[in-house]
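These notes are about the structure you will find just below.
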Amino acid sequence: YYSFRGGEIMSEPTPKEIELHNKFFNGLLDLIDEVQELGTHHVIYFGIQTFTQVAVDCAPTPKDARAVIKAAIKSVKKSA
């Protein structure tokens with residue numbers, strides 16, 4: 001897990017963050033089940049596109065957005 005706190009990417013989530021991450025993840029899985037009619041590739045592409053745009057829109061700078069996106073990609077590569 002990564003948390004963006006005060007402009008720094010942290011690798012140690014708090015217990016509350018872990019709880020919220022799990023709630024968020026399970027909610028996403030439920031939503032994915034609801035929209036399976038779109039097809040797996042469509043859902044994956046749209047999800048990546050949506051969350052990338054959210055990162056760009058919410059970050060203080062484009063550089064910060066890229067840092068969060070790169071950290072997320074790197075964390076997946078480590079666990080894959």
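Keep in mind the model is a prediction, meaning the values are calculated, not measured.
- Partners of Lys16 by side-chain contact (heavy atoms from CB on, under 4.5 Å), not counting sequence neighbours, listed by chain and number: Thr14, Glu19, Leu20.
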Identify all side-chain donor-acceptor contacts of residues 46-62 below 3.5 Å with residues at least two apart in sequence or on another chain.
residue, atom, partner, partner atom, Å
Thr50, OG1, Phe46, O, 2.7
Thr52, OG1, Ile48, O, 2.7
Gln53, NE2, Asp57, OD1, 2.8
Thr61, OG1, Lys63, N, 3.4
Thr61, OG1, Asp64, N, 3.0
Thr61, OG1, Asp64, OD2, 3.0

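- Under a 4.5 Å side-chain heavy-atom cut-off, the cluster of Ile, Leu, Val, Met, Phe, Trp and Tyr residues that includes Tyr45 has no other member.
- Evaluation of the side-chain contact (heavy atoms from CB on, under 4.5 Å) rule for Gln36 yields Ile32, Thr40 as partners, not counting sequence neighbours.
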